[in-house]
Amino acid sequence: MALFPQRFIDDLKHQADIVVVIQDYVSLKKTGATYKGLCPFHGEKTPSFHVHRDKGFFHCFGCGVGGDVFKFLELHEKIGFGDAIKLLAQRFGVTPPEMEENDEQRANAAERETLLKVHESAAKWFQQQLASPAGARIRRQIESRGITDATSQALGLGFAPPAREALKTALLEEGFSQPVLLRAGLVVQRDDASVIDRFRNRLMIPICRDTGSVIAFGGRAVDPDQQPKYLNSPETPIYSKGRTLYGLNVSKNAIRERKFAILVEGYFDFAQVYQAGFQGVVASCGTALTPQQAQQLRRFTNKVVLSFDPDAAGQGAAAKSCEMLAAEGFSVNVAVLPAGEDPDTFVRTKGAPGYAERLEHSAPYLEYLLDRAAANHNLNTDEGRVKFLGDMLPVASRIPDAAMRDRFADRLSFKARVTDDVVRAEIRRAVVQKQPALTKREVSSFGRVTKAEKGLIWLLIHQPEAALDALATLDGPDFEGLAAQVILDLARKLNDDKGFSPSALLERLTMVDAQLVTAIASEGEAHVHDAYDCVRIIKRLRWERERAAIQREIDRLQEVGAQDGEKLQELLIRKYGVIQRIEALV
Ligand SMILES: [Zn+2]
């Protein structure tokens, strides 16, 4: 992996004046300590896009985007972090250094190399088993699902026979050691210390990096009563589920060419859609997409057509994926299938032309939500229209772009048959109440950030030394449940490990958390001026939480009339201890 040494990144950031970089794209005017211009990420006529040269970050008060110089390039050029570094290095005439490795890094690299090799061998072996006479039954099963030999081979499908040690024996014979097999998750150690194959009697689906290297497996049950239906590789040094997008290895070129990716849920949806000629497809494999997976995808496109079971598309994992993709700046469409159908069954019955038509008629995610809400309410009654608007106003208020919000207001008023002035006024009100540009999840977390947290975050950027000193007096449990938990915890860890800087913090945060930081840091002054005051409030909140928890336990014991006086006594002592801690803080 071509990672750049942190020292190089820090140096580059030091040299790359954020104002100079952004001025390549946006015309900026100096006003006071900051630079202002028209935001390149949303349409506006008066400048609300601010660049703070000395702190090295930008923030837009209109749409809420913000981050460091790398984040700007990532967003503007639609490239990944690595490419942003390369671009910046080029711009400032800096040559990336040769990778420097210490012994530990070399050992890790060697281990990853071995893990990749053992997966490659295992994939080959599973494929041989599928092709052998023993795999005949599984081949028929694949065929009966309408998957051709060519597709099966393109996806590298295989078969793990119902034997305890078949794969283990084969790989040991090839010269891999048992610890390597355990580390790869291909075998498991049982309580009686025996070591057996993890995947037995399963259809094997290799999971690959986008470069094609096999890094894990999904194993599907082949008997009706076999549990679990899917068994997956565990996380290993080379495999992290949240960072891997299934199918990208065979679909990335088509995605790039056709300028969009079809997102389906399962392996068989993927196989069917891919086989039908829509090769630009990826599968989320049943869980909501993570921002890391979105980043993988962004290297090839920023447009996604979601193709899920219609019952699932509006809720759960699919809805979460939509919101996250939209928040990460993707354009998201939804291709609705008939009720009860998933891409797998639909393509099998209606073929490629039917599926192509569904894709063509896919609606933008917002339109899709609108149609669904309209279908859920009776718009012929006042009550139904009010409920419909009630559902849609929060959605409207989350649209980052003002012009888009207006267009949505038109659609909304048309559907609800209410004059558009009323709808626009309502949306404006919802926007003001709810912070534009942030999705529901973010709005709620933004809203829950306490003054003490905001104070610490502001100070971390503007007076880092004082903030870090104060932060060092907090520990893990103090952060629990805080809206800014991730941010404060990361700042503390950076300080412990390799040195904190505002840009090192911004660089490592998700887009949403980075925006929270830049929004707070852009304010004129801190909500709470003294870092130790912030820390005291946060400590106090923690002990208050603890006191409430103990009290609940005491109430519960007394309610059931527990005879256990000792337990009650112990709780009362603990409660007294916590109260003392709270009083000591005042
Ligand atoms: Zn903006």
Side-chain angles (χ1 to χ4, degrees), residues 18-53 55-79 84 291 294 298 302-303 323-332 364-366 394-409 424 427-443 445-447 449 457 461 502-503 506-507 509-524:
I18 187 165
V19 169
V20 173
V21 174
I22 293 184
Q23 243 160 358
D24 287 350
Y25 305 87
V26 181
S27 114
L28 295 172
K29 244 178 86 182
K30 192 164 193 297
T31 42
T34 66
Y35 290 77
K36 268 207 235 177
L38 293 175
C39 177
F41 303 111
H42 84 279
E44 62 173 9
K45 295 205 171 63
T46 49
S48 46
F49 182 79
H50 291 226
V51 182
H52 302 251
R53 168 176 264 158
K55 307 290 180 231
F57 73 89
F58 69 96
H59 178 76
C60 171
F61 287 97
C63 66
V65 307
D68 59 1
V69 64
F70 297 122
K71 191 71 82 187
F72 180 85
L73 288 174
E74 287 178 58
L75 289 172
H76 206 282
E77 298 287 317
K78 301 192 169 59
I79 51 178
R298 201 200 303 280
N302 60 0
K303 189 166 165 47
E323 292 243 327
M324 191 278 299
L325 286 168
E328 291 285 324
F330 278 81
S331 123
V332 186
Y365 179 53
L366 288 172
V395 175
S397 71
R398 293 200 295 271
I399 301 173
D401 184 90
M404 228 168 102
R405 216 154 48 214
D406 271 354
R407 280 200 297 281
F408 191 69
R424 278 174 205 220
I427 291 179
R428 267 197 298 276
R429 213 168 62 199
V431 169
V432 172
Q433 281 167 355
K434 292 209 162 176
Q435 303 284 355
L438 302 172
T439 60
K440 194 169 165 190
R441 182 176 67 85
E442 294 128 26
V443 167
S445 72
F446 195 100
V449 185
I457 290 172
I461 305 296
S503 52
L506 287 170
E507 185 189 306
L509 289 172
T510 63
M511 184 115 98
V512 171
D513 282 333
Q515 286 183 8
L516 185 62
V517 172
T518 61
I520 292 166
S522 299
E523 288 170 6

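Quantities reported herein were computed from a predicted structural model and do not represent experimental measurements. Each ligand, and each atom within it, is numbered from 1 in the order the structure gives.
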**Study point:** Listed partners of E77 passing side chain to side chain donor-acceptor pair (under 3.5 Å), at least two apart
**Key:** Y25
Exercise for review: State, yes or no, whether a side-chain contact exists between I22 and Y35 at a heavy-atom distance under 4.5 Å.
Suggested key: no
Review point. Quick one: are S522 and F57 in side-chain contact, heavy atoms under 4.5 Å?
Key: yes
Check your understanding: Counting distance only, does the side-chain N/O of K30 pair as donor-acceptor with the main-chain N or O of G32 below 3.5 Å?
Key -> yes
Check your understanding: List-wise, which protein N, O or S atoms are found short of 2.8 Å from the Zn ion (ligand 1)?
Key -> C39 SG, H42 ND1, C60 SG, C63 SG
Review point. Do the rings of F41 and H76 sit parallel, tilted or perpendicular, given the 30° and 60° boundaries?
Key: perpendicular
Review point. With side chains defined as the heavy atoms from C-beta onward, is the minimum distance between F58 and V65 less than 4.5 Å?
Key: yes
